[in-house]
Amino acid sequence: MNQSDLLFLVLFLIMLTSLVVFVVQFVRSRRRGGEDDDRAGWWEGPWDDDDRRR
């Protein structure tokens, strides 16, 4: 592996990481925008609604 191969690999990993971060942020913002209530995130289960009903 010479220097140009290593440079290509590093640039490819940086671009791939940036793309993954962008996609994750995009999906999270779209999913959060569709909710009308004040829940913190999609990972909260139905057990969180029990406290509101009391």
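Note that the coordinates shown come from a computational prediction; the quantities given were computed from them, not determined experimentally. Count residues from 1 along the sequence. Only heavy atoms go into these numbers, but all of them, side chains included; no hydrogens, no water, no symmetry mates.
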Under the side-chain hydrogen bond (donor to acceptor under 3.5 Å, both in side chains) rule, collect the residues that match up with Asp5, sequence neighbours excluded.
none

Inter-residue atom distance Leu16.CG - Leu11.CG, 0.5 Å rounding:
12.5 Å

Just verifying a value: how many Å separate Met15 CE and Phe22 CZ, rounded to the nearest 0.5 Å?
13.5 Å

CG on Leu19 to CD1 on Ile14, rounded to 0.5 Å:
13.5 Å

Kindly write out the residues that satisfy side-chain hydrogen bond (donor to acceptor under 3.5 Å, both in side chains) with Thr17, not counting sequence neighbours, or none if the list is empty.
none

